[in-house]
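Dumping the structure here so I can ask a few things about it.
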Amino acid sequence: MPPRINLPPVTRISLLALGLQSVLSAAIRYRQWTAHSEIVIPYLNLIPQLSLVYPWTFVTTTLVESNIFNFSIAALTLYHGSRYLERAWSSRELAKFLLVTSLIPNALCFATLILFFTFTRNERWTLMTIAGTISLQISFLVAFSQLVPAHTVTLFRGILSLRVPRFPLLYIGVVTALCLTPMLTTVSFLLAVYGFITSWTYLRFYKAVFPDLDQSQTSSLRGDASETFAFAEFFPGPVRPVVAGISENVFNMLVAMRVCTPFTQDHISAARGDNAFSHHSHQRGAPGSARAEAERRRALALKALDQRLHAATAGAAARASSNPAPPTVQPPAPSATGPTVQTQPQANTQKTMTAQTGEAGPSSDNDGSRSNA
């Protein structure tokens with residue numbers, strides 16, 4: 001029996017959409033290819049000058065890849081990253097996360113290209129194709145930074161060790177370097193930056209908080225007020241104070257404009273894991289509290305994932321018990337004597353039969369002569 005690949009529904013739909021749209025795009029490009037023309041598909045890809053009459057492209061263009069290399073990376077990213085997040089969160093939360101991190105970066109990139117055209121009057125900006133899963137890839141890295149902020153990834157057999165929050169900036173650096181080559185365009189850099197900011201903003205201020213299994217929390221809490229998920233934590237230590245000061249000023253400005261809402265005491269209490277915030281509201285965290293908090297969040301995420309896996313296993317067992325398999329009919333066992341074998345007559349038997357035939361011949365002739373007489 002071939003192995004069965006168990007994929008959650010949102011992950012399965014995303015992979016199917018990526019495959020179908022990418023194959024359709026490749027087929028259209030192959031059919032319309034000429035040596036001196038650049039093929040654009042405005043009803044699949046988002047193109048500022050042509051796609052305003054196709055509004056669905058603001059979302060669907062994320063799941064379109066133009067070459068086999070990018071398609072392979074996108075498929076692996078969706079298979080592993082989306083499956084992990086869907087089991088850690090839920091199908092509904094992952095669907096909202098994918099929608100936000102696809103729509104907003106594409107719209108911001110669209111507006112940026114229009115702005116570049118306004119300043120330069122170069123039509124090339126409005127004919128650039130906005131497509132690909134770059135915004136989703138960096139969004140998954142930001143989500144992993146929230147779930148396991150203290151986890152360290154060792155590369156090249158221990159030569160290089162990096163914490164998970166370092167990977168988003170490393171990814172942006174790789175995309176920036178590839179944009180200097182024909183492999184990627186300026187759009188890829190814009191999608192990486194906007195995807196990073198959008199995913200962090202959504203997870204920091206708007207995503208519904210997964211309830212702490214050890215505490216009683218209200219279901220209206222949103223965002224993540226923990227210190228380990230601050231914007232400055234993604235940057236190296238020397239520049240972290242500068243980034244923290246700039247991000248705090250930007251946040252205060254957005255609060256004054258009523259774009260963002262400051263965290264309440266319940267948010268801070270839930271992020272710290274305190275049973276009563278009043279006991280800790282006037283105390284600073286002890287040294288190493290950020291790492292302990294990160295380990296606590298990691299343990300909660302693993303515990304929630306384990307509960308979801310156990311629930312799925314129990315559901316499958318219940319369905320199997322309610323629908324028992326039909327009894328199998330076994331073939332009858334062969335008899336001890338084995339199948340019947342017919343043997344040919346021996347040589348003496350054949351001689352006897354020949355003699356009897358010879359004797360019967362003359363007698364029959366005599367009888368015939370008598371009857372004639």
Side-chain angles (χ1 to χ4, degrees), residues 11-82 98-114 116-117 122-141 168 171-196 198-199:
T11 303
R12 191 184 312 118
I13 294 173
S14 301
L15 287 172
L16 184 62
L18 174 67
L20 291 178
Q21 292 191 124
S22 299
V23 170
L24 179 61
S25 175
I28 295 174
R29 291 176 184 275
Y30 175 78
R31 190 168 185 177
Q32 299 180 356
W33 183 85
T34 58
H36 304 286
S37 66
E38 184 177 353
I39 301 173
V40 292
I41 310 174
Y43 47 86
L44 280 181
N45 301 131
L46 179 60
I47 302 170
Q49 192 176 14
L50 304 174
S51 296
L52 283 178
V53 293
Y54 309 109
W56 59 83
T57 56
F58 279 87
V59 177
T60 59
T61 189
T62 303
L63 297 177
V64 180
E65 293 291 354
S66 58
N67 57 70
I68 189 63
F69 179 74
N70 293 338
F71 175 79
S72 302
I73 296 178
L76 289 175
T77 301
L78 285 177
Y79 178 79
H80 293 287
S82 182
L98 294 179
L99 179 63
V100 169
T101 55
S102 298
L103 176 62
I104 296 180
N106 291 336
L108 291 176
C109 189
F110 181 93
T112 303
L113 295 180
I114 294 295
F116 287 167
F117 168 74
N122 188 350
E123 196 177 18
R124 182 179 65 88
W125 295 109
T126 60
L127 292 176
M128 298 184 73
T129 300
I130 304 173
T133 59
I134 288 180
S135 59
L136 294 184
Q137 293 173 18
I138 195 169
S139 299
F140 288 161
L141 293 177
Y171 182 83
I172 292 178
V174 172
V175 171
T176 304
L178 292 178
C179 287
L180 302 177
T181 67
M183 295 182 63
L184 296 178
T185 63
T186 308
V187 172
S188 301
F189 172 77
L190 295 176
L191 288 176
V193 173
Y194 289 145
F196 171 59
T198 301
S199 57

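Model, not experiment: these values are computed from the prediction.
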| said: For a quick test of reading the model, state the closest non-hydrogen atom pair linking Thr101 to Ser199 and the distance between them. | reply: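 Where Thr101 meets Ser199 most closely, the heavy atoms are CG2-CB, 3.9 Å.
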| request: Determine the sole option in Leu63, Leu191, Leu141 for which the side chain to side chain contact (heavy atoms under 4.5 Å, CB included) test with Leu136 is passed. | output: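 That would be Leu63; it is the only one of Leu63, Leu191, Leu141 passing the side chain to side chain contact (heavy atoms under 4.5 Å, CB included) with Leu136.
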| request: Considering non-hydrogen atoms only, spot the tightest contact between Trp125 and Pro48 and give its length. | output: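 Heavy atoms of Trp125 and Pro48 come nearest at O-CG, 4.2 Å.
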| Got Phe189 and Ile134 here, is their nearest side-chain heavy-atom distance under 4.5 Å? |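 When only atoms from C-beta onward are counted, Ile134 and Phe189 do not touch, as no gap falls below 4.5 Å.
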| Crowding at CZ, Arg31 (>12 non-hydrogen neighbours, <6.0 Å) |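 No.
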| query | Where do Ala131 and Asn45 come nearest, in terms of heavy atoms and distance? | reply |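 What the structure gives for the nearest pair is CB-ND2, 3.5 Å.
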| field | Donor-acceptor pair, side chain of Thr61 and main chain of Ile130, under 3.5 angstrom | value |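 Judged by distance alone, yes, a pair lies under 3.5 Å.
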| request: Please report the closest heavy-atom contact between Gln21 and Thr60, naming both atoms and the distance. | output: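 Shortest heavy-atom separation between Gln21 and Thr60 comes out as NE2-O, 3.1 Å.
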| task | Report yes or no: do Ser135 and Asn106 form a side-chain donor-acceptor pair below 3.5 Å? | result |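 Not at all, the side chains of Ser135 and Asn106 share no donor-acceptor pair under 3.5 Å.
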| Counting distance only, does the side-chain N/O of Thr11 pair as donor-acceptor with the main-chain N or O of Tyr79 below 3.5 Å? |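 Answer holds: no.
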| query | So which heavy atom on Leu78 is nearest to which on Ser14, and how close? | reply |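 The pair with the smallest heavy-atom distance is CD1-O, 4.1 Å.
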| Roughly how far, to the nearest 0.5 Å, is the OH atom of Tyr30 from the CD1 atom of Ile39? |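 If I round to the nearest 0.5 Å, the distance is 11.5 Å.
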| message | I'd like to check Ile114 versus Thr126 (side-chain heavy atoms, cut-off strictly below 4.5 Å). Are they in contact? | response |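 Side chain of Ile114 against side chain of Thr126, heavy atoms only: contact under 4.5 Å found.
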| said: Could you measure the distance from the CG atom of Leu15 to the CG atom of Leu76? Nearest 0.5 Å is fine. | reply: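 The CG atom of Leu15 sits 9.5 Å away from the CG atom of Leu76.
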| task | Please report the shortest heavy-atom distance between Glu65 and Gly132, naming the atom on each side. | result |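 Heavy atoms of Glu65 and Gly132 come nearest at OE2-CA, 3.5 Å.
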| message | Could you walk me through whether Leu46 and Phe58 satisfy the side-chain contact (heavy atoms from CB on, under 4.5 Å) test, starting with their C-alpha distance in whole Å, then the side-chain angles of each, then the deciding distance to 0.1 Å, before giving a yes or no? | response | CA-CA 6 Å; Leu46 179 60; Phe58 279 87; 3.8 Å; yes
| Ignoring hydrogens and geometry, is there a side-chain-to-backbone donor-acceptor pair from Thr198 to Gly195 under 3.5 Å? |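 Between the backbone of Gly195 and the side chain of Thr198 there is no qualifying donor-acceptor contact (under 3.5 Å).
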| request: Quick one: pull up OG1 in Thr185 and CE in Met128 and give me the separation to the nearest 0.5 Å. | output: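 That separation rounds to 4.0 Å.
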| Euclidean distance, Ser139 OG relative to Phe196 CZ, rounded to 0.5 Å |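 Nearest 0.5 Å value for the CZ-OG distance: 10.0 Å.
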